[in-house]
Amino acid sequence: MEYRPSDIEQKWRNWWKEHQTYKVEDHPDKPKYYILDMFPYPSGAGLHVGHPLGYIATDILARYKRMRGFNVLHPMGYDSFGLPAEQYAIQTGIHPAISTEQNIVRYREQLDNIGFSFDWSREVRTSDAAFYKWTQWIFMQLFNHYYDSAANKAMPVSDLVKRFAQSGNAGIKAVCDDDTPNFSAAEWNAMSEREQLLLLLKYRLTYPGEAYVNWCPALGSVLSNDEVKDGVSERGGHRVERKLMNQWNMRITAYADRLIEGLDGIDWPDSIKEQQRNWIGRSVGASVRFAVDGHDQAFIEVFTTRVDTIYGATFMVLAPEHELVEQLTTDKQRTEVDAYTRWAASRSEIDRMAETKKVTGVFTGAYAINPFNGERIPIWIADYVLAGYGTGAVMAVPSGDQRDWNFATQFKLPIVPILDAQKDLDQAADPTKEGRYINSDMINGMPYAEAVPTLITWLEQNGLGKGKTQYKLRNAVFSRQRYWGEPVPAYWVDDVPRLIEESDLPLVLPNIDKYLPTETGEPPLGRAEGWNYKGHQYELSTMPGWAGSSWYFYRYMDPHNDGEFCSRPAINYWQQVDFYLGGAEHAVGHLLYSRFWNHFLYDLGLVPHREFARKLVNQGMIQGRSNFVYRAKEQFFEEYLMIKVLKPFFADMGPMVIAEPDYEEEFQYDFAFEANDLVIEVTSWRQEEKIARVYKSALADGKRLMVLFTEELIDHINEPDVTAGKIRAALQSREKYIASTEKPVCEQLFVSENLLYKYHPDAFTKLHVDVNLVDADILNLEKARTQPMFEKANFKLDPKGHYTCSYEVEKMSKSKYNVVNPDDIVAEHGADCFRMFEMFLGPITDAKPWNTQGISGVSGFLKKFWGLFFNGSGAFSVSDEDLTKEELRVLHTCIKKVTDDIERMSMNTCVSHFMIATNELRRLNTSKRAALEPLVIMLAPFGPHTAEELWHQLGHDTTVCDAAWPVYNEEYLKTDTVNYPIQINGKLRATIELPSDVTAHDAEQAALALEMVQKWMEGKPARKVVFVPGRMINVVV
RNA sequence: GCCCGGGUGGUGGAAUGGUAGACACGCAGGACUUAAAAUCCUGUGGCCGUUGAGGUCGUAUGGGUUCGAGUCCCAUUCCGGGCACCA
């Protein structure tokens, strides 16, 4: 019988479904093992080949653990709220719930075809009201709790209220806003309810507050940094500004220390732990208040980790958004400061952080007073100081900090050394802490360790500052001005948020007519009719993508519970995730937020562990190979005209007078070619205003104007002669204004990648093109023209008539149009082959570009393995004979290696061990049950369909999933002799066959006796002989 | 820019500090075939040499630790991921 996956795979998938093979029940008497994959966002592009990489690995582990006697929970669901569905809804008007449902159906089909052992009865979807009811419920718990620093845990706000009423907030150690005032019990009790509620917001673990966002006025929406390119929106190229908006926040900073400490107790990759530590960015230092000269009420608070350098602070820098900038700026400096502030507002945070070469900034005209020596230091603003980090102000110490040094050097500000150990301050800053302080008044002569406490004590005694621990971690913005997310279960009364009753959960997302912000700039939910609670308007923003994914792993334990997010018995049995697998790109997003929520739920006694996942493994990303096309900008046509049309044209016409355009002319006419009083302007058909303006200038100058539309240049891009003809005619004509009246056919030009070198790089926009339209980097023009992107396009082809695309290896994603689906491969080679091929690609932790060359190796292996069970005439034929010593060695080597390698998630080497065993058994002509049955069992996690078929052919009638994993016997692995390599001074020179139980002494003697060894020792005595039993012998001379 | 990974034949990759290149792909040669496909066999890191010798270089680059380094340490370089509203 030939191996034909299509004959067996569907059959067994049906059988598993019928027999509920993968249904998981809680068995308190059985050891449990909870294996979790990061659930996918159901994108419109379908499941891509990167998704299953992790799912296959965990599926293998899950099936393996089951065979080792564990009750395994390996569930799957969908992170089904998200921006792409909303954008699709904006474009098409289709409700995100509908497109999401369609995408899920597709995902499910694709997942089913791969033969996973998921228990689908436990599926969760974050966009189901039955699920987000509990996301909202957790939000409400966060609102109702504050972080008590004394108890080091979350406590009910109702307790806080009682304590306020009794003794005010003086004795309360809690995490709260920096600007929380001190008040007595009497003051508290005298407050109105509204005042009290506003004050409590400063303590709650989730609260509305101001935060900076990328605001795009033209689109009327907030954009992610990702959606902002070069200061304008990626879609549409509209202006984007940094704007303060009232947003819900999560007080994750309350848990900063616990989130750092918790990392020590979990088996997560060091790189993830390190990234989280850096993200939280705990730094110990001091905050210092600087008075401002001439402004009695204004103080600038700075945080520094190097308070010891304070006498070297020769200026101060504020973020352009700093609230005092407006007030401090002197009239003389105002124009300059305003211009700089506007410019800075147009830059994204990433741009600002990335820019280090160019130092920019302006002087405000104001001076701060150094609290230690009363010195006046100038206050500047510069965008390397970020408003969102710390206080948005830094004291600049150019002798110790490189960025400050650069700034000081650029703007000629003084650089004062403060330690006698600092060197070469004319070359660079020296951040050393060595030596003794100089120029530093009260700490002169002290070392670092003494100086810091001296200064902090002084600050605290004088009320000018204090020792402080600062975190880079900011409270997490929790509002999204979007539709497709969980509604926030809160409503507003007199600008104070209140929660709805728990009994009114879930607060179901309402339908709206359009998925866009309202005309007044409110989020889409502002369009919902009757969106209010007992007459008060609901919160209009929705929750971010990470809300549902921060706790979903508990829902799988008890997915249909309507009374609790998870029942007590279920959580007591399943406890926590034993093995979590997913991409490292979630290192500081999902994985940190989930830990935060879990610590909170732990404080409330709702979950048994502080950490939700005991072990985490990162799956490497399967990267896509993206292709790019180049769309010409207007500038391109000017260059094209010069190079392709005018140059040959001049050669034709002989010498001719061309005016050198001066600066002003260039401004009036972008493309200022002028000959015989004719000016040529290149612009788009649509730029009526510009054309009118240029025509007016031309008239005023007494010149004639010819307008060449970019669209007509596009039409004739491959025939420059046509344009040359037009110009020739224009030169001879006496008309004042010459422009084509033909309607353009093409509106965009795409230039082949191998022609780009002729033009200025800025003349093109590089755009992703769907890889399905490209074959070996050549764009399929016929297919391309069917796409909206190229509907009105012309292509400038290379001399071979090809449009060549450039390529890059990057993340596989719908937005990069480089998604490859597994479907075709599964259909062609079968699911088992696909599963094993993905594993065979390499370690799951490595990133690698997708590439199907090599799949025939796995496909051939499955055929050979299958072939072991069938005789020459194609009949199933397995004997019951005993195994020979060699067959035993082959089998048990394979058992040992595969078992060890699954345990360390090295699935790629497992596949090669199967190949080796199969090749060996073929060589030995083995068709004995005693060898093949254990192999079928071991193959089952990898190729479940094939294994199930062979298992049943071997005469079993229950599933192979419940077979016991084979155990290897060390006895069979032993060999009588070992082939020892012999090194002379670390270089391999000979080998020698020695008994496997040889003593060190005998081995040395045998090695030294060898002729080759003697030759390489060149008569010198052996100074030392290193003998590693079973490994090697090294002779040192 | 900052943080985190990674760099091994033509390709994917293997290698608890102990014979670098397992297992595959590809390629070359051969067998079977009228032919092709499929299948099977042999070879396959570079260089020098050889007729069944052997030598030498080699794990991004340059240093270091060690009897011994792809593996550990330092520096450089290139590539990938993250950088707070993509998920």
Exercise. Distance between the C1' atoms of rC72(B) and rC79(B), in whole angstroms?
Worked result: 23 Å
Exercise. For every nucleotide of nucleotides 15-30 of chain B, 5' to 3': is a protein heavy atom under 4.0 Å from its base (B), only from its sugar-phosphate (S), or from neither (-)?
Worked result: SB-BB--BBSS-----
Exercise. Counting only side-chain N and O atoms of Arg480(A), is one of them less than 4.0 Å from OP1 or OP2 of rC85(B)?
Worked result: yes
Seminar exercise, completed: Contacts of Arg277(A) meeting salt bridge (charged side-chain N to carboxylate O under 4.0 Å, His left out) (sequence neighbours excluded), chain-then-number -> Asp264(A), Glu274(A)
Problem set entry | Listed partners of Glu539(A) passing salt bridge (charged side-chain N to carboxylate O under 4.0 Å, His left out), at least two apart | none
Exercise. Glycosidic conformation of rG9(B), syn or anti, with 90° from 0 as the boundary?
Worked result: syn
Exercise. Given the P atoms of rG26(B) and rU76(B), what is the spacing between them in whole Å?
Worked result: 42 Å
For this session: Quote, to the nearest angstrom, the C1' distance that separates rU71(B) from rU65(B).
Result: 13 Å
For this session: Mind checking Glu838(A) for me? I need base, sugar-phosphate or nothing, with any heavy atom below 4.0 Å counting as a touch.
Result: nothing
Problem set entry | Sugar-phosphate, base or nothing in reach of Gly82(A), heavy atoms under 4.0 Å | sugar-phosphate
Exercise. Looking at Asp900(A) and Lys896(A), does any basic side-chain N land under 4.0 Å from a carboxylate oxygen?
Worked result: yes
Exercise. Is a donor-acceptor pair below 3.5 Å formed from side chain Gln275(A) to base rC83(B), judging by atom type as modelled?
Worked result: no
Exercise. Can you give one letter per nucleotide of nucleotides 41-60 of chain B, 5' to 3': B if a protein heavy atom sits under 4.0 Å from the base, S if only from the sugar-phosphate, - if neither?
Worked result: --------------SSS---
Problem set entry | Under the ring pair (Phe, Tyr, Trp, His ring centres under 6.0 Å) test, residues paired with Tyr483(A) that sit two or more places apart | His95(A), Tyr515(A)
Exercise. How far, in whole Å, is rU59(B) from rA20(B) if one measures between their P atoms?
Worked result: 12 Å
Problem set entry | Proximity to the side chain of Tyr41(A) - top-ranked nucleotide from rC67(B), rC4(B), rA87(B) | rA87(B)
Exercise. How would you list, by chain and number, every residue that makes a side-chain hydrogen bond (donor to acceptor under 3.5 Å, both in side chains) with Ser594(A), sequence neighbours excluded?
Worked result: His590(A)
For this session: Would you state whether a donor and an acceptor, one from the side chain of Arg482(A) and one from the base of rC85(B), lie under 3.5 Å apart?
Result: yes
For this session: Check the pair Lys1015(A), Ile984(A) against side-chain contact (heavy atoms from CB on, under 4.5 Å), reporting the backbone distance first and the verdict last.
Result: CA-CA 10 Å; Lys1015(A) 181 185 144 200; Ile984(A) 314 292; over 6 Å; no
